2 protein chains.
Amino acid sequence: MGELDLELQKSISRGGWKQDPAGVQLNILAVATSEFAANGLSGARMDEIAAKTRTSKRMIYYYFGDKEGLYRRVLEEAYRKVREGERDLDLDHLSPVEALTRLAEFTFDHHSSNPNFIRLVMIENIHHGAYIRQSELIGRLNAGAIEKLETICRRGKKAGVFREDVDPLELHWQISALSFFNVSNRATFSLIFGDRLYSAGGQETLRQHVVKTVLRFAVKADQAP
Amino acid sequence: MGELDLELQKSISRGGWKQDPAGVQLNILAVATSEFAANGLSGARMDEIAAKTRTSKRMIYYYFGDKEGLYRRVLEEAYRKVREGERDLDLDHLSPVEALTRLAEFTFDHHSSNPNFIRLVMIENIHHGAYIRQSELIGRLNAGAIEKLETICRRGKKAGVFREDVDPLELHWQISALSFFNVSNRATFSLIFGDRLYSAGGQETLRQHVVKTVLRFAVKADQAP
DNA sequence: ATACGAATTAACCAGCTCGTTCAAAGTTCT
DNA sequence: AGAACTTTGAACGAGCTGGTTAATTCGTAT
């Protein structure tokens, strides 16, 4: 009986199936992303990933070679999506101060709503960036990652509202640090100090203060609002 | 010959040996700390830890029960050491501004020179703080973790140099965010944007700016230096 | 239609990893 | 002296895990 069902099932599923290489790969990547983000590279299980896929383990190896290959592709896709999101953020029609405000807000919000990306970056840092280093795609992708900030800074200095010695890279570092930490250390921070800062109101306050902090860092003291 | 050496070795080491439970445990914890910090909980190998110990795997299980028990103790020790370091940082004889400066500098430097602690916290956040949650020691330990900042804030407000609405917890969040990110994301950041910020000079600049940023956040606008 | 490469399936395997077990002996405390 | 604790050393095994083998079906260019 059990056997009969099994045989039936088999013949049915063997019967008709459509090819969908792109879809299968996307599906695998989506599942793998959350699994790696949840458990890390060594913590993730290929069998588990395969099980949550609409396809089989064999297909993962067929398309991605091995575990590390899959992880590398997951990383690349994650970075690609982030850059894609940043792309259509046009700041050129805004004043330097407004543009910087908008960029900081965007970064804070983006990180906040993409914890999986944050977790992948954390994991990659645990590995000392060993896999990002291998990816020439990510290198290419991020080459122009601070272009926007460089433009803002140039305009801000020209307009006389930004300090002359403000460094776009350091500015990016500050925005990243505050926005990243907010997500990356949420678990330990709220366990130790309570989750007051992670309530809806707490996050709103934090967001405003991050923007204010960044602006104060870039804008001349006498030009402050 | 090989056999003979082995027998000799055995009889010698079997001969006289001192008991040193505390020392053995410390040794295990030290090795386990760097292994877990380097490879994460799932990435670390008990055999590898045992091999780098002056004792045997058997003793690890004797003292710590299982892998997670060992990991928990490693975490606890790491947090305990940090709090111990903070303890003899007496800020009460300094002015509020000086005290805040000193605390920010200390945090930045401490994190900078304790990457293993940072990595353990990163790893623990990957686990959503599942193991810190289990430790009542760490809860007790960190209960008074922001006491110092509360004192500083109280004194700063009383003296009229700090903003009235400055929140000690948020201040701690800011200091932590900037100091933590500096270490935690060093690998990916310098791979993508170059290691200019991580040169000796870059770090000195960063440190000064972190302090400045924190001060600007707490101190009244008209009281700024 | 048919040949051929791409896509898919299911079962399988070798090695690793955590944790255990056994047998013995030395040390410290009381 | 005796009880309780600490240390040694080696082997082992059950289950998991990454990766593979072999066979089958689909899409399509000729």
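Note that the coordinates shown come from a computational prediction; the quantities given were computed from them, not determined experimentally. Throughout, a chain's letter reflects where its sequence line sits, starting with A, and its residues are numbered from 1.
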Whole angstrom is fine here: how far is it from CG in N27(A) over to C1' in dA7(C)? 15 Å
In sequence, state the C-alpha distance, the side-chain angles, and the governing distance for R207(B) and D109(B), and then conclude on salt bridge (charged side-chain N to carboxylate O under 4.0 Å, His left out). CA-CA 8 Å; R207(B) 189 180 109 118; D109(B) 294 341; 2.3 Å; yes
Exactly one of L120(B), L141(B), L137(B) should register a side-chain contact (heavy atoms from CB on, under 4.5 Å) with Y79(B). Which one does? L141(B)
Hey, does Y63(B) reach any base, or is it just sugar-phosphate, or nothing, if we go heavy atoms under 4.0 Å? sugar-phosphate
When we call it a touch if two heavy atoms are under 4.0 Å apart, what does S56(A) touch: a base, just sugar-phosphate, or nothing? base
How long is the line joining CE of M59(A) and P of dC26(D), in whole Å? 14 Å
Please state how far atom CD1 in I49(B) lies from atom C1' in dT17(C), giving the value in whole angstrom units. 12 Å
Spell out protein contact along nucleotides 14-20 of chain D as letters: B when the base is contacted, S when just the sugar-phosphate is, - when no protein heavy atom is under 4.0 Å; keep the 5' to 3' order. ---SBBB
Can you tell me the distance, in whole Å, between the OH atom of Y62(A) and the P atom of dA10(C)? 17 Å
Less than 4.0 angstrom between a side-chain N/O of T55(B) and OP1 or OP2 of dT8(D), yes or no? yes
Output the rounded distance in Å from CD1 (I60(A)) to P (dA10(C)). 14 Å
Identify which one of E68(A), R72(A), E76(A), E124(A) satisfies the side-chain hydrogen bond (donor to acceptor under 3.5 Å, both in side chains) criterion when paired with Y131(A). E68(A)
What pairs of donor and acceptor atoms, side-chain ones from residues 50-62 of chain B against any protein atom, are under 3.5 angstrom apart with sequence neighbours left out?
| residue | atom | partner | partner atom | Å |
| --- | --- | --- | --- | --- |
| K52(B) | NZ | E35(B) | OE2 | 2.7 |
| T53(B) | OG1 | I49(B) | O | 2.8 |
| K57(B) | NZ | D47(B) | OD1 | 3.1 |

Output yes when a side-chain donor or acceptor of N114(A) lies under 3.5 Å from a complementary backbone atom of H110(A), and no otherwise. yes
Sidechain N-carboxylate O distance under 4.0 Å for R80(A), E77(A): yes
